[in-house]
Amino acid sequence: DESKPNVIWTVHVEVRLSTKSRRRVDVIQGLVRDYITTNYDPITLPSVLGGWEADPTLASSVDRIAISESACPSMTLRLKDVLLEIHAYQLHETDAVEEYANGTPGRDGEENVLAASVCELPCKAWEGLWDGLIYSDNIKLKLLDYIHATFVLSDADVDFNLVTWNRVVLLHGPPGTGKTSLCRALAQKLSIRLSHRYSQSRLLEINSHSLFSRWFSESGKLVQRLFSNIMEMVEDEDCFVVVLIDEVESLTAARAGAMAGTEPSDGLRVVNALLTQLDKLRYQKNVLVMSTSNLAKAIDSAFVDRADIIQYVDLPPREAIYEILRSSLCEFIKKGILRGTTVLALDLALYLERNNSNRSRESETMLPYSPEDLAASKLLALADKCRAQQLSGRALRRLPVLALARYIGTGVSTSSTISNLNNSRFQTDIHLW
Ligand code: ADP
């Protein structure tokens, strides 16, 4: 339709280079762009591309090419409506590179407490985490858009006196809903998306429990020492730093201690130290503070006040539960633990469900189901059950292990038959759940 304004969507392509690759990144980016423009019109979002192995340069340098999800309502886009942004990245092998201990032995001769750990991003450990986190209300894209907005503002040199932001995000909600994982996954994502701006990225995880709630008299000093390390890190303008403060409500314990009159000045000192340091950080372009809490009500109001985004992360709804369980089962299938079965994608499962309920209303006699239909409808029913029981994402990720354990425990399988679980046994498993 010629009269419609042409909307151009930015589509992010993430190219994971093999650890051995020494090719120039711009050469690879050019090859990937050519490959997509000649082979993928329209493109599907999200998707993992194949076939590029036929190009010897790509084959020797690239591990994986993935098109990211986007806010675009359509799952396919014509290339003429697309601006391709190609990000090439290489994973760091090691996890934690540095750890900060508090340097003071505990009162009762306890070991030094680890106050924080740092890892170089993107790292192996968090690869795939982003895709494995499933939410129903686009939380992930919302967070990415927020970061993008802060970059636009910083780039435009917007006056801080007129528009203020703190680069602080707070995720809160019941335990096990993926808040900490989401922070890590977001940090990893940013390190990939921002690789053209920052040659290095780091994730610094603060261990709130040891920092805030143990020895108040030491905590104030420790916070200062830690943040002076962070300041040093962010002074390097080529380095993007994500600071993760997990379970930030333990900060309140420090203030509560102050209120209760036990160690008033120490408790307040640590809270104030943290807030002052956070205020200093907000002038740095290359830092983002992410925090999580299981008890939003218990968080220090002065901290909450500093958060630009206060995002509630709920227990997964039925659709997300289905997808979480499906992704676990697909991993079982991929690794040969389950065989001869397909678990339908959510939209197909829901489509079948609607059809089947119409069918059963219209006629008494039911047509036979295919094994895929049956598996999908059982998995949907299971999702309902899990929802009713208010299972967290963490509990759901455990469920397939328990189901398999139960199955192995029935004595049907021997060591070699784990890889021979067939379709009907798989369904027994779902039934067992
Ligand atoms: P929290 O910080 O909210 O307590 P975690 O980030 O520690 O939760 O999550 C624990 C585990 O539960 C993660 O490893 C993740 O695999 C799983 N999980 C939780 N929520 C989800 C979700 N919405 N989608 C997929 N996996 C989830």
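Atoms within a ligand are numbered from 1 in the order they appear, just like the ligands themselves. Only a predicted model underlies this, so the values are computations on that prediction, with no experimental measurement involved.
Across Arg394, Lys179, Glu323, heavy-atom proximity to atom 10 (C) of ligand 1 is greatest for Arg394.
Annotation: Gly176 places an N or O atom under 3.5 Å from an N or O atom of ligand 1; distance criterion only. Polar contact check, Gly178 against ligand 1: a nitrogen or oxygen pair lies under 3.5 Å apart.
Closest to atom 6 (O) of ligand 1 among all protein heavy atoms lies Ser181 OG, 2.6 Å. Looking only at heavy atoms of the protein, atom 26 (N) of ligand 1 is closest to Arg397 NE, 3.4 Å. Nearest protein neighbour of atom 21 (C) of ligand 1, counting heavy atoms only, is Gly393 CA, 3.8 Å. In terms of protein heavy-atom proximity, atom 24 (N) of ligand 1 is closest to Ile134 N, 2.9 Å. Looking from atom 25 (C) of ligand 1 to the surrounding protein, the closest heavy atom is Gly132 O, 3.0 Å.
Residue contacts with ligand 1 do not include Ala320, since none of its heavy atoms lies under 4.0 Å from the ligand. Within the 4.0 Å heavy-atom shell around ligand 1 one finds Thr177.
Minimum interatomic distance between Leu352 and Asp373 (heavy atoms only, all atoms of both residues): CD1-OD1, 3.2 Å. Contact record, Tyr89 with Glu14: CE2-CB, 4.0 Å, taken as the closest heavy-atom pair.
When non-hydrogen atoms are compared, ligand 1 lies under 4.0 Å from the backbone of Thr180 as well as from its side chain. If you look at Pro316 next to ligand 1, there are no close heavy atoms at all, none under 4.0 Å.
Of all the atoms in ligand 1, the ones that sit under 4.0 Å from a non-hydrogen atom of Pro175 are 4 (O). Near Ile324, with a cut-off below 4.0 Å to any heavy atom, the atoms of ligand 1 are 22 (C), 24 (N), 25 (C).
Although no hydrogens or angles enter the test, the distance criterion places a donor-acceptor pair under 3.5 Å between the side chain of Asp41 and the main chain of Leu79. A donor-acceptor pair under 3.5 Å links the side-chain atoms of Arg397 to the main chain of Ile324, judged by distance alone. At distances below 3.5 Å, not a single donor-acceptor pair connects side-chain atoms of Gln311 with backbone N or O atoms of Leu170.
A 6.0 Å sphere centred on CD of Glu331 holds more than 12 heavy atoms belonging to other residues, nucleotides or ligands. Few gaps surround NE2 on His196; more than 12 heavy atoms of other groups in view lie less than 6.0 Å from it.
Going from atom OG1 of Thr150 over to atom CZ of Arg282 covers 13.5 Å, rounded to the nearest 0.5 Å.
A salt bridge links Asp279 with Arg306: the closest approach of a Lys/Arg side-chain nitrogen to an acidic carboxylate oxygen falls below 4.0 angstrom.
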